[in-house]
Structures are given as C-alpha cells and as structure tokens.
There are 2 protein chains.
Amino acid sequence: MVAGPLPAPSGPGKDRLRLWIRLLRASRTIEAELRERLKKEFNTTLPRFDVMAALYRAPEGMLMSDLSRFLLVSNGNVTGIVDRLVSEGLVARARRNGDRRTSMVRLTEEGSKTFGIIAAAHEGWIGELLGKVSEDDARRLTGMLTSFRSNWEGRE
Amino acid sequence: MVAGPLPAPSGPGKDRLRLWIRLLRASRTIEAELRERLKKEFNTTLPRFDVMAALYRAPEGMLMSDLSRFLLVSNGNVTGIVDRLVSEGLVARARRNGDRRTSMVRLTEEGSKTFGIIAAAHEGWIGELLGKVSEDDARRLTGMLTSFRSNWEGRE
DNA sequence: ATATGAAACTTTAAGCTTGAAATAATTTCC
DNA sequence: GGAAATTATTTCAAGCTTAAAGTTTCATAT
C-alpha cells in the first residue's frame with residue numbers, strides 16, 4: 001500500500017493508484033505523529049480519543065452500534081475501547097428502560113473535562129502539522145475528498 | 001479522529017481540522033474495503049501486501065530496517081509480518097557475509113508470482129474505488145498531498 | 001403464547017501495532 | 001586491542017482490530 005519512490009508507475013489508472021498511495025502515506029504519517037503525542041502528553045491513545053470525540057458531541061449519549069458505525073470500526077472493537085475508558089472513569093454505560101439489549105454510552109463529567117483539554121491540544125497539533133496547507137487549499141482538498149467519499153458511503 | 005457530521009466546526013484553523021478528518025475517513029474507508037477484498041479473494045492481509053509490494057520493487061532485497069522505514073511502521077512489527085510471509089513460502093531471509101546483524105529479505109519466486117496476481121487485482125480495485133475522481137483531480141490532489149507531506153518527512 | 005427471526009452487544013481467536021527492553025554484531029575512540 | 005557507543009534486529013507486554021460465533025433481548029406473525 002504505502003509504496004513510494006523508485007519506479008514511478010505509468011499508464012492508464014496509474015494516477016489514481018498514485019493518489020491512493022499518497023493519501024495513505026499522508027494519513028499514516030499524521031496518525032503516527034498524533035498517536036505519539038497523545039501518548040507522551042496525555043498518556044492516552046488515538047482510538048480512545050476517537051471514542052471520546054464522538055461522545056463529546058453527543059451529550060445525550062450513543063449506543064455501541066452508533067459508535068461502531070460512526071467510527072468505521074467493528075462493534076467488537078468498540079466494546080474493548082469503551083471497557084477501558086469506563087475503567088478509567090472517563091465514560092459510563094447507562095442501562096436503558098426501554099431496550100435492555102442496549103446501553104447509552106456517554107462521557108462522565110471527568111471524561112468531558114479531560115477531553116476538552118486534549119481536544120484543544122489536538123486542534124493545535126493539526127494546525128501545526130497541516131500548517132503549510134493554505135486555508136484555500138484545505139477547503140479545496142476537503143471538497144474533493146468529500147465528493148469522492150460519497151461514492152462509498154452506504155454502498156453495500 | 002474520525003469525527004464527522006453534527007456541529008460543523010468553525011473558527012480559525014477549523015478548515016485544516018476538517019481536512020484532516022476527511023482525509024482520515026477517506027483512507028479508512030478505502031483501507032477497510034481493500035482489507036476485506038484481500039481477505040476474501042486472496043486470503044491475505046493489507047500488511048502482508050504492503051511488505052510484498054515493497055519487496056517487489058527491490059529485487060535485490062531489503063533490510064528489515066529498510067522495510068520498517070519505508071512502510072512507516074515499527075521494526076518489531078515488520079519482524080512478525082515477515083515471519084508469517086516466510087512461513088507461507090512467499091519471502092526469504094538471506095544472511096549476509098558482510099554484516100551478520102542483518103539479513104536481506106526478498107520475495108521468493110512464488111512470492112513474486114503471487115504478488116503479481118494480487119497487485120493486478122489491487123490496481124483494478126483502486127481504479128474502481130477512486131473511479132469518480134477525474135484523472136485531472138487525481139493529479140491535482142496528489143500534488144497537494146505530496147507538498148504537504150514534504151513538511152514532514154525526515155523531520156526529527 | 002410461542003416460535004421464528006432480527007437486533008444489540010460481547011466474546012474469542014488470530015493477527016497487527018507500538019514502545020521498550022534485550023541480544024548480538026559492528027564501529028569508534030582512546 | 002579493548003571499552004564504549006552505535007546499529008540491526010528480535011522479543012515482549014499491552015493494546016487495537018477484525019470476522020465469526022455466541023448470548024440476550026426484542027419484534028413479528030401466527
């Protein structure tokens with residue numbers, strides 16, 4: 001996937017292949033940097049940050065399946081991450097009256113406070129890491145990515 | 001990370017944050033699809049494909065540390081993936097005369113043949129998945145991503 | 001009411017991933 | 001030549017990830 005330098009591919013369709021490779025390398029590079037900083041500065045992980053970010057914007061809480069869908073990861077995966085966040089006191093599961101299969105997951109007060117702090121740092125990091133991209137290019141790129149993602153969403 | 005819908009962020013620097021979120025969602029979506037197809041069609045994984053792709057373009061072989069650097073993953077990680085590829089007969093380690101700490105890793109003949117087949121399918125999938133991106137946009141996007149990545153490479 | 005099926009979630013096994021510690025070989029520097 | 005630092009790699013523990021199988025609960029249709 002993360003192919004790169006040496007013999008530049010050429011021929012029909014190669015431009016898209018090259019785009020994909022760049023896209024993947026870019027996101028992996030940034031992801032690695034964020035992961036490292038989250039660990040060093042806040043002793044947390046990217047998956048936990050992702051879950052907290054999702055919950056932060058849903059004060060009423062989210063179902064496990066909502067989280068799974070939103071974060072694009074499997075539901076078994078979310079179970080483990082939420083388990084750890086619960087044991088850290090940052091997240092709580094609340095049984096529901098109506099449907100006993102489900103539980104509403106939400107940030108605790110401490111979780112919310114903690115996330116606020118981390119999120120501020122995170123936004124600063126992104127600004128720094130993408131600093132060389134002009135606001136204009138950022139908007140243009142975002143537009144392209146959005147349209148190309150829309151071919152995908154809710155496909156199967 | 002993979003934040004999305006609800007309250008659209010606004011303010012200074014928010015365009016870059018949004019760009020990052022889209023970038024991440026796009027690459028995760030495509031990655032997930034590739035992973036699934038690699039599993040279903042060829043009973044292999046993305047990391048193994050990555051390693052084989054790197055080796056395919058280096059017929060003389062690569063050191064473990066070369067692989068690690070090139071693929072942007074830790075060296076301990078590469079050890080495990082190469083181990084599995086070796087046990088599948090797709091990759092071979094060759095001790096070197098000069099430096100006995102290192103070994104040259106390369107595709108076996110079977111590995112090379114196998115990779116050729118998978119790579120052809122892979123290229124087709126990318127063409128399909130990014131089909132809606134015009135060749136022109138693909139080149140433009142690639143250019144932007146390249147320049148923005150170059151702020152990063154060899155940073156520390 | 002009760003089977004049948006669907007839905008929400010957890011568990012499990014296998015594999016991927018990292019950072020840190022451990023090994024081993026090489027190089028550097030007195 | 002030998003200690004000390006460096007380099008290449010593996011090992012390890014903890015955590016992330018998936019797909020598949022299992023559990024519990026709910027909804028539907030007899």
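In what follows, every chain begins at residue 1, and chains take the letters A, B, ... in the order their sequences are listed.
Closest approach of Trp20(B) and Ser27(A) over heavy atoms only: CH2-O, 3.6 Å.
Sequence order on DNA chain C of the closest nucleotides to Val78(A) and Val78(B) puts Val78(A) first from the 5' end. Nearer to the 5' terminus of DNA chain C, by closest-nucleotide assignment, is the contact made by Thr45(B) (compared with the other of Lys40(A) and Thr45(B)). Between Lys39(B) and Arg48(A), the one whose closest nucleotide on DNA chain D sits nearer the 5' end is Arg48(A).
If you take CZ of Arg96(A) and P of dA8(C), they are 10 Å apart, rounded to a whole angstrom. Computed from coordinates, the Arg37(A) CZ to dG19(C) P distance equals 14 Å when rounded to whole Å. Going from atom CE of Met64(B) over to atom P of dT17(C) covers 13 Å, rounded to whole Å. To the nearest angstrom, P of dA14(C) lies 18 Å from CD1 of Ile81(B). Put simply, CG on Asp66(B) is 11 Å from C1' on dA8(D), counting in whole angstrom units. Rounded to a whole Å, the CG atom of Asn75(A) is 16 Å from the P atom of dG22(D). Put simply, CZ on Arg95(B) is 11 Å from C1' on dT10(D), counting in whole angstrom units. In this structure, the CD atom of Glu33(B) is 19 Å from the P atom of dT17(D), given to the nearest Å.
Checking the phosphate oxygens (OP1, OP2) of dT26(C), a side-chain nitrogen or oxygen of Arg100(B) falls inside 4.0 Å. Here Ser74(A) reaches the OP1 or OP2 of dT18(D): one of its side-chain N or O atoms lies under 4.0 Å away.
Both tests hold for Arg25(A) against Phe70(B): distance to the six-membered ring centre under 6.0 Å, angle to the ring axis within 45°.
Salt-bridge formation is not detected for the pair Arg140(A)/Asp15(B): no Lys NZ or Arg NE/NH1/NH2 atom is positioned less than 4.0 Å from an Asp or Glu carboxylate oxygen. A salt bridge links Arg28(A) to Glu31(B): one of the charged nitrogens lies within less than 4.0 Å of a carboxylate oxygen.
Scanning atom types as modelled, one donor and one acceptor separated by under 3.5 angstrom connect the side chain of Arg101(B) and the base of dT7(D).
Closest to the Asn77(B) side chain, of the nucleotides dT17(C), dT10(D), dG15(C), is dT17(C). Which of dT10(D), dT9(D), dT17(D) sits closest to the side chain of Thr79(B) comes down to dT10(D). Distance from the side chain of Ser65(A) is smallest for dA8(C) among the nucleotides dT10(C), dA8(C), dT10(D). Side-chain proximity of Glu36(A) to the nucleotides dT17(C), dG15(C), dG19(C) is greatest for dG19(C). Of the listed nucleotides (dT18(C), dT18(D), dT10(C)), dT18(D) has the atom at the smallest distance from the side chain of Arg35(B).
At the heavy-atom level, Asp99(A) lies under 4.0 Å from the strands shown only through sugar-phosphate atoms. If you check every strand for non-hydrogen atoms under 4.0 Å, Arg69(B) touches nothing.
Side-chain contact, Arg18(A) with Thr142(B): no donor N or O sits under 3.5 Å from an acceptor N or O.
Taking the centre of each ring, Phe115(A) and Phe49(A) come in below the 6.0 Å mark.
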